[in-house]
Amino acid sequence: ASARNYGRLHSTASHITFVDADDRVDPGMFSALLEVARYTGFNMVEGEFVFFEVEQGQEKMKASYEFEKYAQGPEYRLGNIEYITQSGLEIIQGQPTIWRRVYRRDFLDNKEIVFPEHVRAFDDQIFQILSAYYCGDMAHVFRQSYHYRQHPDQDIKQGDERHFYSFNMFRQVFRRALRESWDSVIPVIQSLLNTMTWSYQGLRSDLKPIYQDAAVEFLAMIGQAFGPKILQEVNLDRVGIEGLAFLVELRLYEKRASPQEGRMVHLENWRWQPEFIRMMQATRKQT
């Protein structure tokens, strides 16, 4: 996060992009994205991405989950570059893929979109949500791919306490949404539920009860800050945590005497802090 911020804040280029050190890109990808960005004036333009791994010296590519989403093909052509346009709101719920996009630098500056440096995971998630919410229309370019390398040592594949960092990230988004009076936070809540689903499935078994409590507390906090009816617009039980909707409703009932207002997103809870969880787990092992 600090390296990305340093490069972005010191750059004088018109457009910014990011590449992870262990990934690759098609040779003409970023030049194609830049051409579309300059032609359309869009704040954000993205390419496609594929999963890339090496097994026993053999390279393998696998299409991403977006293959079916964009099966209808392009709508526009710029020379030999084909693309479609869509609302940035459509990608809020998707997997964070900040690295296959180009961004107008002045757009990032004006909206104060940076990577939080106090966490060790999920720092790309807040960047994706904010850039997607603010960008307006964007372009998706076909046949220009980012190669997202897969390997067992990736941070996101470790079922440890780092998954709890996502609560920190989403809390920052909800704080900004309240401060700026966003029209709707439903896409953000859906993104949160997607993250909870994915994290809960991959967690170590000893962390799942803590994650369940963390999820209940966090969703109850959202209900207090934005009103409990907002949680009725989404399906909490799809997360895979048994009885999640009931537990959240019960927690809100217990908090019924507390005021329902935006300041609730500023409250802390130890269950959202990986450092506290790690310390408590270590203490339990010693005793």
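Quick caveat, the model's predicted, so the values are computed rather than measured.
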(request) Would you check, one step at a time, whether the test salt bridge (Lys or Arg N to Asp or Glu O under 4.0 Å) holds for Arg100 with Glu66? (result) CA-CA 13 Å; Arg100 45 82 176 255; Glu66 291 183 342; 2.6 Å; yes
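- Within 6.0 Å of CD on Glu180 lie more than 12 heavy atoms contributed by other residues, nucleotides or ligands.
- Cluster annotation: Val50 is not connected to Val19 through the hydrophobic network of ILVMFWY side chains, with a link wherever side-chain heavy atoms come within less than 4.5 Å.
- Neither side chain, Glu48 nor Ser64, offers a donor N or O lying under 3.5 Å from an acceptor on the other.
- Across all their heavy atoms, Leu203 and Asp160 have their closest contact at CD2-O, 3.6 Å.
- No continuous path of hydrophobic side-chain contacts links Met61 to Phe67 [ILVMFWY only; heavy atoms under 4.5 Å].
- A continuous path of Ile, Leu, Val, Met, Phe, Trp and Tyr side chains, each step under 4.5 Å between heavy atoms, connects Phe246 with Leu252, placing both in one hydrophobic cluster.
- Thr17 places a side-chain N or O within 3.5 Å of a backbone atom of Arg101 that can act as its donor or acceptor partner.
- Counting only N and O atoms by type, the side chains of Arg8 and Ser11 include no donor and acceptor under 3.5 Å apart.
- For the atom pair OH (Tyr103) and CG (Asp109), the distance works out to 14.0 Å, reported to the nearest 0.5 Å.
- Counted by atom type alone, Tyr134 and Glu112 present zero donor-acceptor pairs between their side chains at under 3.5 Å.
- In this structure, the side chain of Asn5 engages the main chain of Phe115 through a donor-acceptor pair within 3.5 Å.
- Around the CD atom of Glu249, the shell of radius 6.0 Å holds no more than 12 heavy atoms that belong to other residues, nucleotides or ligands.
- Residues Gln125 and Ser191 meet the side-chain proximity criterion, which asks for heavy atoms closer than 4.5 Å.
- By the ring pair (Phe, Tyr, Trp, His ring centres under 6.0 Å) test, His10 is found to be paired with Tyr6, residues two or more places apart in sequence or in another chain being considered.
- The shortest side-chain heavy-atom distance between Leu130 and Arg176 falls under the 4.5 Å cut-off.
- Remark: Arg24 engages Glu59 in a salt bridge, criterion side-chain N to carboxylate O under 4.0 Å.
- Checked for salt-bridge contact, Glu53 and Lys60 miss the test: no charged N lies under 4.0 Å from a carboxylate O.
- Nearest heavy atoms, Ala215 versus Leu244: CB-CD1, 4.4 Å.
- When side chains are defined from C-beta on, Thr97 does not count as touching Tyr148, because their heavy atoms never get closer than 4.5 Å.
- In this structure, Gln72 places its CD atom where more than 12 heavy-atom neighbours from other residues, nucleotides or ligands lie under 6.0 Å away.
- Side-chain contact check for Lys255 versus Arg251: some heavy-atom pair is nearer than 4.5 Å.
- Between the CE atom in Met138 and the CE atom in Met44 there is a gap of 4.5 Å [rounded to 0.5 Å].
- A side-chain donor from one of Arg238 and Gln190 sits under 3.5 Å from a side-chain acceptor of the other.
- Of all non-hydrogen atoms in Arg77 and Gly79, the two that sit nearest each other are CG-O, 2.9 Å.
- For the salt bridge (charged side-chain N to carboxylate O under 4.0 Å, His left out) condition, the pairs that include at least one residue of residues 122-139, sequence neighbours left out, are Arg4-Asp123.
- Atom CD1 of Ile222 sits about 5.0 Å away from atom CD1 of Ile189, to the nearest 0.5 Å.
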N/O donor-acceptor pairs under 3.5 Å from side chains in residues 83-94, not counting sequence neighbours:
residue	atom	partner	partner atom	Å
Gln86	OE1	Tyr70	OH	3.2
Gln86	NE2	Tyr70	OH	3.0
Ser87	OG	Leu89	N	3.2

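- With sequence neighbours excluded, no residue satisfies ring pair (Phe, Tyr, Trp, His ring centres under 6.0 Å) with Phe107.
- Below 30°, between 30° and 60°, or above 60°: for Tyr65 and Phe49 the angle between ring planes is above 60°, a perpendicular geometry.
- The distance from the CG atom of Asn43 to the CD1 atom of Ile113 is 8.5 Å, given to the nearest 0.5 Å.
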Using atom types as modelled, flag every donor-acceptor pair under 3.5 Å from a side chain in residues 25-39 to any protein atom, sequence neighbours excluded.
residue	atom	partner	partner atom	Å
Asp26	OD1	His147	NE2	2.8
Asp26	OD2	Ser145	N	2.9
Ser31	OG	Gly28	O	3.0

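- Of the possible donor and acceptor atoms, none in the side chain of Trp272 sits under 3.5 Å from a partner among the backbone N and O of Phe164.
- In the hydrophobic clustering of ILVMFWY residues, with side-chain heavy atoms under 4.5 Å counting as a link, Val141 and Ile16 come out together.
- Scanning both residues, Val188 and Trp182, for their nearest heavy atoms gives CG2-CZ3, 3.9 Å.
- Evaluation of the ring pair (Phe, Tyr, Trp, His ring centres under 6.0 Å) rule for Tyr146 yields Trp99 as partners, not counting sequence neighbours.
- Within the 4.5 Å cutoff, side-chain heavy atoms of Ile186 are placed close to those of Ile230.
- Put simply, the side chain of Val239 does not reach to within 4.5 Å of the side chain of Asp237, judged on heavy atoms.
- Ring geometry, Tyr200 versus Tyr211: the interplanar angle falls from 30° to 60°, so the pair is classed tilted.
- Within the 4.5 Å cutoff, the side chain of Ser14 has no heavy atoms near those of the Arg105 side chain.
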(message) If you apply the rule ring pair (Phe, Tyr, Trp, His ring centres under 6.0 Å), what do you find for Phe142 with His140, and how did you get there?
(response) CA-CA 7 Å; Phe142 289 86; His140 174 91; 5.3 Å; yes
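- Considering CG of Leu247 and CG of Leu219, their distance stands at 10.5 Å, rounded to 0.5 Å.
- Within the 3.5 Å criterion, the main-chain N or O of Asp22 finds no donor-acceptor partner in the side chain of Asp20.
- A ring-centre distance under 6.0 Å is found for Phe226 and Phe174.
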(message) Would Arg271 and Phe276 count as a side-chain contact (heavy atoms from CB on, under 4.5 Å) here? Give the steps.
(response) CA-CA 8 Å; Arg271 297 171 183 84; Phe276 281 97; over 6 Å; no
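- The CG atom of Leu192 sits 9.5 Å away from the OG atom of Ser199 when rounded to the nearest 0.5 Å.
- In this structure, Phe167 has its ring center closer than 6.0 angstrom to the ring center of Phe218.
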(message) Between Glu161 and Arg204, is the salt bridge (Lys or Arg N to Asp or Glu O under 4.0 Å) condition met? List the steps.
(response) CA-CA 9 Å; Glu161 296 85 356; Arg204 295 197 320 253; 3.5 Å; yes
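- Each of Val114 and Phe18 belongs to its own hydrophobic cluster when Ile, Leu, Val, Met, Phe, Trp and Tyr are linked at side-chain heavy-atom distances under 4.5 angstrom.
- Looking at every heavy atom in both residues, Val173 comes nearest to Ile129 through CG1-CG2, 3.8 Å.
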